[in-house]
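Counting begins at 1 with the first residue of the sequence. Order of listing sets the numbers, starting from 1, for every ligand and every atom in it.
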Amino acid sequence: MKESKTKSPFAKLWDWAEAYHGGFYGSVLLAVLGVACNMLAYFGVAAMIRILLLGGGFEECVFWCGVMLAGYIGKSLFSTWSTAMSHTATYHTLRKLRESLLAKLSRMPMGTILDTPSGQLKTTIVDRVEGMEPTLAHLIPEMTSNVLVPIAIAVYIFVLDWRMGLASLITTVVGLIVASQSGKTYAVRWKGAVETGRRMANAIVEYVGGIQVVKAFSQSAGSYKKYSGAVEDNAQYYVDWMADNQKYMATMQTVTPAVLLPVLPTGLMLWTAGSLSAAHFLTIVVLSLGLTGPLLAAMSFVDELAVVGTNVGEISGILDAPELVRPKNDAVFKGNRIQLKQVTFSYGPENEEILHGIDLDIEPGEVTALVGPSGSGKSTIARLIAGFWDVTGGAITLGDCDLREIPFDQLNRKIAYVSQDNYLFDRTVRENIRMGRLSATDEEVEEVARAAGCDAFIRGLDDGYDTICGEGGGHLSGGEKQRLSIARAMLKDAPVVILDEATASIDPENEAMIQRSISALTKGKTLIVIAHRLSTVSEADKIVVVEHGRIAGQGTQKELLENCPLYRQMWQAYLGTQDHI
Ligand code: ADP
């Protein structure tokens with residue numbers, strides 16, 4: 001990992017493409033063969049000029065025509081084959097890269113992912129990876145061949161007459177110097193472009209996500225300043241960049257192809273002086289015309305070269321991010337008791353400490369309720385138990401094993417986390433429930449839906465179990481979504497269930513149904529419930545009162561009412577709200 005940080009962007013990119021190096025080497029070889037065939041046209045014309053000026057047979061001319069035709073066909077065949085080969089290797093590389101990125105996300109702490117705007121992740125995984133396509137599929141074979149053509153032609157011109165060789169290179173050298181001026185700032189400019197693009201993507205994702213609010217308050221896109229500002233900045237950035245860059249590009253594109261400008265007068269002078277034959281002069285004129293086309297094509301890849309650094313940097317920012325390290329072999333548990341020992345936690349090195357030395361035993365098969373004021377750290381404790389992050393200090397154990405010693409898959413099988421915003425995918429109801437256990441049969445899915453009390457409402461949907469849920473479950477009501485996610489967790493049948501209770505008040509009918517689903521889900525299981533309201537906790541085996549990241553008290557309701565002033569206060573406040581209903 002360390003080594004990859006010091007590698008150049010190209011070396012990293014080449015490493016990512018490792019499984020497909022054969023394809024890339026093959027495409028370069030075919031491209032070079034294509035170039036060699038392409039060269040035959042120039043040599044053919046040169047030979048014909050020689051034959052016509054110096055005298056030669058008709059058969060010789062026909063022979064060279066045949067050679068040029070074969071060269072033309074060969075060039076088309078080889079370059080097409082090369083392109084096909086490089087694209088196959090490229091798209092497999094991009095697929096593998098995207099798979100690695102997604103696999104990496106699952107090994108990264110949830111916190112890192114949750115704290116990264118989804119627009120940014122999308123841009124990296126979709127756009128930056130796609131941005132590698134021209135580099136891999138075109139730059140490698142085409143730039144190689146487009147550089148080789150002019151080199152071969154230039155060498156041949158030098159062999160014919162070195163003075164003409166020098167003359168034929170003048171415009172190319174000037175063009176390269178001008179292009180390098182633009183290239184100097186390209187990488188920095190591109191980085192800026194990526195930055196404004198990212199700000200725009202994030203603003204768009206946020207705007208679209210909040211479109212309901214914008215519409216509800218009759219706001220237009222223009223009035224959402226963050227969005228309109230980001231779009232404006234993005235456009236202005238490119239306008240400024242292009243205005244700045246155009247002078248270099250225009251000069252380069254004008255100067256480079258004007259190769260006859262130095263070649264014709266030099267050739268005329270040398271020919272007049274008698275030190276250059278007419279045949280060589282004409283041959284060189286023809287050859288020099290073939291010099292700049294491929295070079296200009298090769299220069300168009302300078303853009304690609306400059307963006308590689310940014311694209312690779314952003315992709316490896318994810319691939320090289322710190323991971324939660326877990327062993328490969330399954331841990332051996334002694335029972336299912338969960339213990340928090342002197343747990344401290346902060347969300348990042350710069351963030352303040354949220355939990356300050358939590359000691360807590362969660363007994364298997366019991367209901368443990370976490371209560372306390374909003375922001376006290378209840379969800380943080382629950383997410384640490386689910387393994388979303390590693391603790392900063394102390395330890396959490398499950399069955400006497402430190403969570404850091406339990407492979408992700410194994411911990412995942414042990415714990416079902418049901419949050420308020422359990423995401424439903426834009427797939428069928430059946431597929432969404434089956435996410436709990438992919439091997440479940442249709443019958444098992446329906447059985448669990450019945451047990452969770454969802455069967456009746458699912459059958460009432462247009463297509464029953466085959467109804468599409470919509471993105472984020474948008475086609476279903478809040479209560480229905482919650483019951484489906486409970487069914488999904490039931491199918492998983494994990495011995496520990498963590499339940500983040502809904503904060504928003506749900507209508508009593510739905511609440512009763514959700515409660516029934518939850519009872520079915522948690523029967524005989526260890527249940528940790530984050531209770532945002534006290535209505536549901538009085539029956540809990542243990543209630544844990546969390547205040548400012550510390551445990552202010554724990555025990556049964558009766559014990560807490562006697563010993564914990566904060567709980568008493570919360571309970572009285574709760575009873576007060578009940579009186580008003
Ligand atoms: P509760 O569940 O009791 O309402 P939380 O555990 O959600 O409390 O939050 C505890 C504290 O941690 C709060 O101050 C909150 O702002 C902070 N916090 C929660 N999630 C994050 C996060 N992803 N990054 C940084 N701080 C967070």
Ignoring hydrogens and angles, write down the donor-acceptor pairs under 3.5 Å from the side chains of residues 545-558, residues two or more places apart or on other chains.
from	atom 1	to	atom 2	distance (Å)
Q554	OE1	K542	NZ	3.4
T556	OG1	E559	N	3.3
Q557	OE1	Y567	OH	2.5

Point to revise | Whether A382 lies under 4.0 Å from ligand 1, heavy atom | key: no
Review point. Does ligand 1 have an atom that lies less than 4.0 angstrom from a heavy atom of G377?
Key: yes
Check your understanding: Should the proximity of T380 to ligand 1, defined as any heavy atom under 4.0 Å, be assigned to the side chain, the backbone, both, or neither?
Key -> both
Check your understanding: With backbone taken as N, CA, C and O and side chain as the heavy atoms from C-beta onward, which portion of N351 lies under 4.0 Å from ligand 1: side chain, backbone, both, or neither?
Key -> side chain
Considering only heavy atoms of [X], which atoms of ligand 1 have at least one such atom less than 4.0 Å away?
X    : value
S374 : 4 (O)
I354 : 10 (C), 11 (C), 12 (O), 17 (C)
P373 : 3 (O)

Exercise for review: Could you check if a side-chain atom of D15 sits within less than 4.5 angstrom of a side-chain atom of K7, using non-hydrogen atoms only?
Suggested key: yes
Review point. Under a 4.5 Å cut-off applied to non-hydrogen side-chain atoms, are V391 and R404 in contact?
Key: yes
Point to revise | Shortest reach to atom 3 (O) of ligand 1 by a heavy atom, considering only E353, K378, H548 | key: K378
Check your understanding: Taking the minimum heavy-atom distance to atom 24 (N) of ligand 1, which of W389, F345, Y347 ranks first?
Key -> Y347
Under 3.5 Å: donor-acceptor pair, side chain of [X], backbone of [Y]:
X    : Y    : value
K96  : Y91  : no
E431 : T428 : yes
E444 : T441 : yes

Point to revise | Polar atom proximity, R383 to ligand 1 (N or O, under 3.5 Å) | key: no
Check your understanding: Mind checking whether I530 has an N or O less than 3.5 Å away from an N or O of ligand 1?
Key -> no
**Study point:** ring pair (Phe, Tyr, Trp, His ring centres under 6.0 Å) involving H356 - partner list, sequence neighbours excluded
**Key:** none
**Study point:** Whether F388 and Y417 hold their rings parallel, tilted or perpendicular, with breakpoints at 30° and 60°
**Key:** tilted
